[in-house]
Amino acid sequence: MAGLLTPLTTWRGRITALLLVLLGLLPWYAPWLDAAGIISQKFALTLMTRVLILAIAAVSLNLILGYGGMVSFGHAVYIGLGGYTVGIMAHHGVQDGFLQFPLAIGLSALLALAIGALSLRTRGVYFIMLTLAFAQLLYYVGVGLEAYGGDDGLTINRRSDFAGLLPTRGLDKIVAFYIVSFVVLVLVLWLVHRLVNARFGMALRGTKSNETRMQALGFATFHYRLAAFVIAGAICGLAGALLANHTEFISPAMMHWTRSGDLIVMVVLGGMGSLFGPLYGAIAFLLLEEFLPSLLRLVLTWLHGGISAVLGGAAIGTLDAWLRLAEYWQIALGTIMILVVLYARGGIDSLFGRPRHG
Amino acid sequence: MAETMLKVDSLVKRFGGLVATDSLSLDVRAGEVHALIGPNGAGKTTLIAQLSGFLQPDSGRITFDGRDITLLPAAARVRLGLSRSFQITSVLRDFTALDNVALAEQARQGHSFRFWRSARADRSLRAPGRAALEEVGLAHRADDPAASLSHGEQRQLEVAMAMACDPRLLLLDEPMAGMGPEESARMVDLLRRLRGRRTMLLIEHDMDAVFALADRITVLVYGRAIATGTPAEIRANEAVRTAYLGEAESG
Amino acid sequence: QQSIKIGFISTYSGPQASIGQDMRRSVELAVEHLGGKMAGKPIEVIYEDDQFKPEVGKQKSEKLVQQDKVNFVGGYIWSNVLLASLKTVTDDGDTILISSNAGPSQIAGELCSPNYFSTSWQNDQTPSAMGQFVQDKGIKKVYLISANYAAGKDMLAGFKRTFKGEIVGEDLTKWPDQLDFSAEMSKIRAAKPDAVFTFFPGAHGVQFLSQYAQTGLKGTIPLYTAFVIDALSLPQLKDLALGVPGAQSWVNDLPNEQNKKFVADFKKKHGVYPSFYGAQSYDTIMLIASAVEALKGDLSSKDKLRAELKKANFKSLRGDFKFNNNHFPIQNFYIQDTVKDADGNYTLKTVGVAMKDAKDAYGDKCKMK
Amino acid sequence: MLKVSGLITAYGESQVLFGMAFEVGAGEVVTLMGRNGMGKTTTVHSIMGIVPPKAGTIELGSRDIAGLPSHRIARLGLGLVPEGRQIFPNLTVRENLVAAAANRDARPSPWTLPLVYEFFPRLAERQANMGNQLSGGEQQMLAIGRALMTNPRLLILDEATEGLAPLIRQEIWACLRRLKGEGQAILVIDKNVGALIGLADRHYIVEKGRVVWDGTSPELAADVELQHRYLGV
Amino acid sequence: MTLLIEQTLNGIQLGLLMFLLAAGLTLVFGIMDLVNLAHGSLYMFGAYFCASFTAWTDSFVIGALLALPAALLLGVIVEVVVARKLYRRDHLDHVLATFGLILIANDLVRLVWGPDGRRIPLPAWLNQPIYLTPDLPYPTYRFAVIVVGAAVALFLYWLVTRTRTGMWIRAGASNRTMIGALGINVELLFTLVFGLGAVLAALAGLMAAPIVTVSIGMGDNILILAFVIIVIGGIGSIKGAFIAAMIVGMIDTLGRALLPDLLKTFLSVAAANTAAPALSSMMIYLLMAGVLVWRSTGLFGARG
Ligand SMILES: Nc1ncnc2c1ncn2[C@@H]1O[C@H](COP(=O)(O)OP(=O)(O)OP(=O)(O)O)[C@@H](O)[C@H]1O
Ligand SMILES: Nc1ncnc2c1ncn2[C@@H]1O[C@H](COP(=O)(O)OP(=O)(O)OP(=O)(O)O)[C@@H](O)[C@H]1O
Ligand SMILES: [Mg+2]
Ligand SMILES: [Mg+2]
């Protein structure tokens, strides 16, 4: 694991370490949060499980987008494929996770191989749109799968079974699944870290920087790009398998282009080409989506109180009318995104200080 | 006479109506410095692009070490020992100067499907990289991002990368362009030292350098070789003077 | 003093927000009519936005159940959002879910749950009612056109269940981004049917009807609809809706007392007519109220609560109804038509009963008795 | 005409110019010389407003132009042949030239498209080619032609002969001589010291962001030691 | 036979409608090189402006004419506040920032106009069908779309390829520094071009509005379609976008018209009925994938 954390001597390293510790220990201090009335234990864990799983998907996207310069606008398709693999197997009574997961990963890798082989001939926006096109094709296949619910989706009755190791009911199930997701995330981060700093990663990043030059140096750039594309697809398929288990439900919406868009937003928001950027991005994006309205309501209540104390209550309308404004929280979310782009170049990650070059 | 390393046989490349390479034939012998000169737009860079695999010729054959490489992709040619530098600087701008040459070294060693060991900590890449920078006089900028180098320094890096591939045949497209007089002199010096160890196909408009280095010179005009010969022969060639050299420059 | 907590999930943002707004207004009105209390306990409604996305709906359901620990979750416009959320609420949470709109066949059948109730209908029923009506009119040749997604296909299946004449053509259009229906309109014209049956919810219905008129089909070939014309689309459709019948289990002019009060109060407060989405949401609250009152506010026994709910012992805006074994209503379906009211606003009017005390077709697949 | 003094410029944290100062008189040809990376291009960029200076004055005529946006500076009559060509790759040769055309001082005999084509016949032949489909030398010709098309009061050439064939290079020196004869002020950066000595009036040698020597052509020509120390020739 | 003629006309009309949608995007993305996801939002604003002005003046034509300057103003504001800081940035920064703009735009519209959609009623003279032959009526308004679409195509082509302004826009997109150093005020130029892009987006929105109705988020799905079109045509090529729009319009229409019957010739009726709509949804993506796999820079594109 050494080397995963940027040295603890920098602020950046310390913040990252703190974040990982906080995430890792959540199951143990969640009851305390619950008791303090901050957030219920179950909800905190379910919500953060989702965050962790999507962070895995974002990390995988970052491998090709941040390090390889390949902007896949169809990355959610692997979430979908991973999810459908688990869902369809479960639907036919195959619950064994040791079958489901490798198959989900393998199929995703295969799909990535096919999509990559066709798309990687193109560059820039053409590549973006081609990956989108393939994802949309799969999406419509999902919509057409009437046997598995079409676009209504399919409920998964039982989660993947890992030789009975994971609890299947109640709080234990939630806690266990959180821990599994966290461990997978850490392993994936470690894998990506090794990968991008190894020779393979240097070749990949060089290809992003200047492909022609890399060819002139003797790198068969297509192969590196394709290999990265397949690895990313496989990891994302794993995230899909986890997500299907988490939501116990699959539907084509998992691979809709807007989901691919969300993944891109997470990566860019967090910081592309930085190991932990996508994690920050996923946390920020998903938690903002969840808590921004409540936060706004708090702020509005506070503002209303303050202003009405000064101007008199009647002048500014009822608190209720003000609180309705919180329904328009996406204005705030949009504004935050724009501010991050304009003033935090390099995403959230850059707020903690830029890493040394590379 | 030394054996032929690179053989070009009636190569043709058209861009629309323009024939950029016009049934060109050319030999480069092992160990020689072969200069390619000619007016702007004569098709020198286009030839290099075809030799190195970045452009497909319309017809003709390229043989390297007796092997037909006409259809081989660019990267594969480098692995056979044929590498190029670019006239229009092409470096990895977000990498440091050292990373740039270390990547060249990595490519030379092969083995880039290594997924685990850190490449930046790999001495077998860094040390030869530093040496390459040293050679072109860029060691003091090893840890600066390539984008922040001045134009001339980027030109030096450009050449360093081509050399770090350790090719048997080096295709140099105006290596001296953009370098100051002192740096140019240093480069001439370097190339002179490499002479004999490496075969070189050198494109250059700096005639002092060409006449100082070349064993043989081919003159290209409108995609055709109008003359090939020793520096003395070329200097004396009337057609070459009117098409390309003009009156001798001072300085 | 403990409050009765109700979570209400609907779409409050994006293109479909007008439905959510209508539902929310109706819930607020119901709470108002109850004086803000059930069995003396204050009512607390927590509204959550599903953003028209299944995963978000599911996450919000989790929040309501796990974080807010609500007693009931109501709402749900969309089948896929409901299906995604179902287990979280009814199994994991052991909480009561009352759908105010969506009614996918899976939940009426094999996925039925003691914790699940519906104050709306099962998806097939409304088009079946329309199919019956068209059949009864003696129409022979019908062209079907609908949106290509699960509910859209259900609609056509439902129609075909009761309509026995000839289907001369059937189109499922790209969903949700079809720009233009001219290719389909040309096919309809060429097929020369006696009537067209269509299903397009929301903005797409408006789009379909206006193109139907622009191409000159309106007035030539009669059009029958499900979920195209309602109080939400009427202000946009206006005269386009005249002469285009639809089917529904609730129409704003149903002649019972509670409905008159609901419609009048709603109109007074918001200046527009409520839609069936609103009426079903109102019923959701009233159903809850009936059970809570019967238990005197003591919700500790889930079994008792379910038993009380099952009785449907409340004054529905549709008049009284009973629950089928799968907890879907057994109710009438009406045919509605568009008229102008006294103020010149367009509104809907009941013109006939298509089916009486209709039961959905999936009850036998449900293991509950 | 152009008077630069005390110029200080930095890229982010790293300072490159340390009090750069020089002058170009009306109708004068002046050079900046020095080894790679000494700050010649940065000086030009500061003058053009591309990299605004941190301190110092740049007077054009009697006006301080330091800190103005670059299009305003260009309109005051500065024409630039930038280092590394910088032609527009997605415009044809003809469009590259036409887009730049201007005659802000209403000169009686301005550079026009036909004149540029006459000067560089090669460009006329390639006029429908996209900028990125030109050979390096052709691009360089285009960059020079483009600057001429703006009919500047002061022409700035930053390594304008890089990659040009000897014959063309000679023609360019001849052209500059002719322009000088017509009273055009020119600032040149180039590595062909010999040619520059024949052409320019005065020279400045730049070392680490400041001027370390200045003098006339004969003075420079005479001082072999100086040439060797700073220019490596 | 009449059916085929009619469907061909439908295809042309749909193609031109799609070209209108793509036109502004070709300018802003294809030529200025700014990925503006909020293009769809400007399209939506155009439609809402037009709906309000039409309701206010009781005339669709006047409403439309008023909506265009309003859109210009909006475009200029967006450019000055956000877009101008993005030109020198990565495409992905554009994506994130303009995605933020979409979120803001949708909620802003809901705040101002409420969640209900609008329908723009056409004046009577545009609303009736014209009879091309006694049994072939065709909506008059569709002809208006065809005329406006063709006019926009010609105008853009002229502006971009024939004028100096067009050259500056293209030059500025590839090298802002250098175009500034030639004495051109890129900042102002780009503000105006962005404004023009907004006007084109709004024009598309208000032209489409009577056909597709006005609603929140109406621009979001269209956006993908518009990108598909300019990518098939080749980025930066107006000719390409126009031809791609026509091809897509044609294939989409004819596909929807003929596919079910075609499939029935070798599939069972039931299978054909399920396969046809699925296939027709995929059609444009299949087309795009096919084109790009065959030619990696679209039909007429030069750069990636
Ligand atoms: N964009 C940049 N960012 C950071 N540093 C830069 C940048 N551009 C140039 N420099 C640095 O500024 C110094 C001066 O560069 P400049 O380009 O002015 O040199 P020059 O004298 O023109 O050299 P050359 O003859 O090589 O063109 C160099 O050390 C270079 O590394
Ligand atoms: N992609 C292309 N499309 C069309 N014409 C091209 C293309 N690439 C090069 N050309 C033309 O081919 C000719 C040969 O170009 P090339 O770059 O080989 O010349 P060169 O001999 O290297 O010249 P220089 O000394 O100026 O670098 C030029 O006239 C150029 O305009
Ligand atoms: Mg060349
Ligand atoms: Mg320089």
Response to the item:
Minimal heavy-atom distance between B:Ala104 and A:Leu217, with the atoms involved, is CB-CD2, 3.7 Å
Practice prompt. Please state whether the side chain, the backbone, both or neither of B:Leu80 comes within less than 4.5 Å of a heavy atom of chain A.
Written response: neither
Discussion item. Nearest 0.5 Å, please: how far is CG in B:Leu103 from OG in A:Ser209?
Written reply: 9.5 Å
Worksheet item: When rounded to the nearest 0.5 angstrom, what is the spacing between NE2 in A:His193 and OG in B:Ser118?
Response: 7.0 Å
Practice prompt. Measure B:Asp122 against the heavy atoms of chain A and call it side chain, backbone, both or neither at under 4.5 Å.
Written response: side chain
Item to complete: Could you walk me through whether B:Arg93 and A:Arg213 pass side-chain contact (heavy atoms from CB on, under 4.5 Å), step by step?
Response: CA-CA 11 Å; B:Arg93 295 178 57 84; A:Arg213 184 33 135 178; over 6 Å; no
Fill in: Nearest non-hydrogen partners of B:Phe95 and A:Met202, listed with the distance
CE2-CE, 3.9 Å
Fill in: Atom group of A:Leu204 that falls short of 4.5 Å from chain B, counting heavy atoms
neither
Worksheet item: If every non-hydrogen atom of A:Ala220 is compared with every non-hydrogen atom of B:Arg79, which pair is closest and at what distance?
Response: CB-NH2, 3.6 Å
Worksheet item: Are any non-hydrogen side-chain atoms of A:Arg205 and B:Leu92 less than 4.5 angstrom apart?
Response: no
Worksheet, complete the sentence: So CZ of B:Arg77 and CD of A:Gln215: to nearest 0.5 Å the spacing works out to 11.5 Å
Item to complete: Count the heavy-atom pairs under 4.5 Å between each of B:Ser52, B:Ala102, B:Ser90 and chain A, then report the option with the highest count.
Response: B:Ser90
Worksheet item: By a 4.5 Å heavy-atom criterion (distance strictly below it), what part of B:Arg84 contacts chain A: side chain, backbone, both, or neither?
Response: both
Fill in: CZ/B:Arg67: more than 12 non-hydrogen atoms of other groups inside 6.0 Å
no
Response to the item:
Tightest non-hydrogen contact, residues A:Ala216 and B:Val78, listed as O-CG2, 3.3 Å
Worksheet entry | Selection from A:Val196, A:Leu195, A:Ile231 maximising heavy-atom pairs under 4.5 Å formed with chain B | A:Leu195
Fill in: B:Gln106 to A:Phe219 - nearest heavy-atom pair and separation
NE2-CE2, 4.0 Å
